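Report on the following structure.
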Amino acid sequence: MKDIMIMNVKKIAFGAAVVFFTNFAFAQTLQDGINSIDSDKFAQAKNNFTQMIAKEPTAENYFYLGNTYLKQVEPDFATATENFNKGLAADSKSFLNKIGLAAVKLGKGDKSAVAEIQKIVTDSREKDAEVLFRAAEALTLFEKNNAPDLAIQFLNKAVEKAQKKGVPANYYYTLGDAYRLKKLPGDAMSAYEKALPTAKNKASVFTRMGTLWMAAQQWKLAKENIDKAIAVDATYAPAYKALAAYDIRYQQNAKATQDLINYTKYADEDPYTQLEIAKLYFTNEDYANSKQVLDKIFDKINDPIKYKLRAYQLYADGKYAEAKQSMDTFVSQADKSRVQPADQGLQGLIAAGLAKDEKDPAIKTALTTEAQQKVAIAKAAKDETLKWDMELANIAGGATQGSVDAGPTTPEIEALKKKVAANPQDSDSLFKLATAYQDVKNWNGAILTWQKMIALLPDWAPAYYSQGYSYQQAGNNEAAKTVYEKFISTVKPADMEANKQTLAYAYFAVAYMSKDSDIAKAKDYVAKSLQLDPTYEDAIKLNNEINK
């Protein structure tokens, strides 16, 4: 789910192809479609281009429709191909549709398409700026399959040819994208700046600048540019998607949820856009909204990625067998290039979940081995889609909704559960529910409720301490140790004095749980515990024991 920071806000050019259309209103429809794509209104764009085809079924119109399916967040290669082939049926010499078909090959990972695109440009004799632009665009569309050097070459020629009539802003956008793929942020920013004077919607440029700064981890500059985009056009959907990525990065889950509500409001109901929204909700740990959106569009999407997202949701619910079935469907149907290290990590977590209740020793061992190997792949790739060690610890501890429901409850707990269900952002009710679970020793209930509090208020340190304590009482020391350490790192310097006693205990607890596996860490942490509270008897005993 890390691809949320790669913004798909590329514009279709309103360039040389327009001369084919003499009717002004008709040309306006093309511009409407271009604007719709730029604003992540893909359903609207498809409708525009479909109407254009109905009026005049030219090769160019089929290309514009097919290209819309390539430019949406998850490309629909089959429908794009169908339209490019119709374009070639209308004009067998159509360079644009030939580029479209080559782009499909490139998107699927066939690198021979780069030479194919180069040959199409050569065959066109480089007379048409639009053909040069489309070739370059095809070479920059896909994050993992591209050829930015050749794209830059074509774009410079396209810019040169377009000078007389004025260079469309999206020629510069795409030049920026090409430099971005080459990891040359300075050149990319210069290209985006050149787009600003001619861009009809400055929000598009500022959003690209913001996401470029994000990629460079310059978060302050990223936020400034996203804010500029929204100030220029408060209805520009991609800016809110970028803002959600920013807020998720800073664990501002409630803010990110509001960003996604705005993105949903200003984008449109295209199923693939909705799929992206479901993915973003999941990344924001808002599983209820993620499931609600996916359920609404599941049958409207052919792309197998829907099974991957469903697998993540089922895993989050502790439904490991169903999650495995969904993940297996995704892997069997998707192109191999689309299976990411995070997906293998998820397969590992699902295997760990299945191993927990497996009675056959041989199968249990095989599942445990698979879990370790596949999670290791995700960790080696430095993937942060999920907190891998914490997830494994959670599985081992068995804190699932089923285990919560099987534990003790009270009328107070049931009433608070209803309040939280009605308003998941109600931090006061979450706090009371977690505490009520602790009072009746329903530790799994406390663990999961504190987790919701952490998702809502990730900078509030006491939630980590309370969750660590609940894990410890439930007998899950590995998870307890991890969360206590998170508590220690989350306490702000200004709050150190107020949290002195709980910090002393957290350091002691981690030291005690580490004494048999990491003696150096145990010595370090017990010393820190005693620095905070020199009279702490348990820490004194542990210190004497491990420093004999």
Side-chain angles (χ1 to χ4, degrees), residues 1-6 8 40 72-74 237-238 240-301 303-320 322-327 329-330 334 338 340 342-343 345-347 349-350 353 383-388 390-391 394 400-401 420-426 430 448-449 451-456 458:
M1 305 272 166
K2 282 175 73 177
D3 64 352
I4 58 174
M5 286 176 38
I6 306 301
N8 185 13
D40 281 10
Q72 62 192 26
V73 181
E74 289 292 336
Y240 294 102
K241 182 177 171 185
L243 189 57
Y246 175 88
D247 285 328
I248 289 169
R249 164 66 176 74
Y250 278 98
Q251 294 188 307
Q252 298 288 319
N253 299 58
K255 282 186 183 178
T257 291
Q258 188 56 52
D259 301 333
L260 293 174
I261 289 167
N262 282 328
Y263 179 65
T264 307
K265 185 162 104 181
Y266 297 122
D268 67 17
E269 289 288 312
D270 184 79
Y272 288 89
T273 305
Q274 295 296 309
L275 177 66
E276 176 70 0
I277 291 166
K279 280 164 57 182
L280 291 167
Y281 272 126
F282 187 91
T283 307
N284 193 40
E285 298 177 4
D286 189 342
Y287 305 126
N289 269 324
S290 179
K291 184 177 185 304
Q292 183 183 359
V293 174
L294 184 63
D295 286 348
K296 188 172 69 174
I297 52 134
F298 196 82
D299 294 333
K300 298 176 185 175
I301 290 179
D303 195 305
I305 198 165
K306 67 183 183 179
Y307 294 106
K308 176 166 86 171
L309 185 53
R310 174 62 50 85
Y312 273 96
Q313 293 174 348
L314 290 165
Y315 164 76
D317 285 342
K319 296 175 180 175
Y320 303 121
E322 291 172 60
K324 182 182 187 309
Q325 190 177 355
S326 276
M327 204 62 195
T329 303
F330 166 70
R338 297 181 73 190
Q340 306 295 317
D343 303 333
L346 178 62
Q347 287 176 309
L349 294 176
I350 291 167
D383 182 273
E384 296 177 358
T385 303
L386 294 172
K387 300 175 182 74
W388 304 106
M390 177 64 82
E391 294 293 334
N394 284 345
T400 64
Q401 193 57 51
V420 168
N423 181 11
Q425 312 291 318
D426 183 353
L430 277 171
L448 291 188
T449 309
Q451 186 58 46
K452 288 175 184 174
M453 179 69 95
I454 288 165
L456 192 63

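Predicted, not measured: the structure shown is a model, and the values here were computed from it.
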List the atom of Ala244, the atom of Ala256, and the distance in Å for their closest heavy-atom pair.
O-CB, 4.1 Å

Taking the side chain as every heavy atom from C-beta outward, state whether Thr329 and Pro304 have any pair of such atoms under 4.5 Å apart.
no

Regarding Tyr315 and Glu391, is there a side-chain donor-to-acceptor distance under 3.5 Å anywhere?
yes

About how many Å separate NZ of Lys308 and CD of Gln340, when rounded to the nearest 0.5 Å?
5.5 Å

The test is side chain to side chain contact (heavy atoms under 4.5 Å, CB included); show your working for Asp343 and Phe330 and say whether it passes.
CA-CA 10 Å; Asp343 303 333; Phe330 166 70; 3.8 Å; yes

Counting only N and O atoms by type, is there a donor-acceptor contact under 3.5 Å from the side chain of Asp426 to the main-chain atoms of Asn423?
no

Under the side chain to side chain contact (heavy atoms under 4.5 Å, CB included) rule, collect the residues that match up with Gln451, sequence neighbours excluded.
Glu285, Ile454, Gln467

Can you confirm if the aromatic rings of Tyr312 and Tyr307 lie within a centre distance of less than 6.0 Å?
no

Distance alone, cut at 3.5 Å: any donor-acceptor contact between the side chains of Thr273 and Gln72?
no

Heavy-atom closest pair, residues Asp383 and Trp388
O-NE1, 2.9 Å

Does some side-chain heavy atom of Gln313 sit less than 4.5 Å from a side-chain heavy atom of Tyr287?
no

Could you tell me which non-hydrogen atom of Leu294 sits nearest to which non-hydrogen atom of Ala278, and how far apart they are?
N-CB, 4.1 Å

Should Lys279 and Ile305 count as side-chain neighbours, where that means a heavy-atom distance under 4.5 Å?
yes

Just so I know, are the side chains of Asp40 and Tyr266 near enough to count as touching, which here means a heavy-atom distance under 4.5 Å?
no

Between Pro271 and Ile297, which heavy-atom pair has the shortest distance, and what is it?
O-CD1, 3.4 Å

Roughly how far, to the nearest 0.5 Å, is the CD1 atom of Ile350 from the CD atom of Gln325?
11.0 Å

Glu269 meets the salt bridge (Lys or Arg N to Asp or Glu O under 4.0 Å) criterion, sequence neighbours left out, with Lys296

Would you tell me whether Asp259 and Tyr246 have side-chain atoms, one donor and one acceptor, within less than 3.5 Å of each other?
no

Note, Ile261 side chain near Tyr240 side chain (heavy atom, < 4.5 Å):
no

Any non-hydrogen side-chain atom of Leu430 less than 4.5 Å from a side-chain atom of Thr449?
yes

Ile248 side, atom CD1; Lys255 side, atom NZ - distance, nearest 0.5 Å
13.5 Å

Is the backbone of Phe298 close enough, under 3.5 Å, to the side chain of Lys306 for a donor and an acceptor to pair up by distance?
yes

Identify, with sequence neighbours excluded, every residue that meets side chain to side chain contact (heavy atoms under 4.5 Å, CB included) alongside Lys265.
Asn262

Does the side chain of Lys241 reach to within under 4.5 Å of the side chain of Leu280, using non-hydrogen atoms?
yes

Decide yes or no for Leu309 and Phe282: does some side-chain heavy atom of the first lie under 4.5 Å from some side-chain heavy atom of the second?
yes

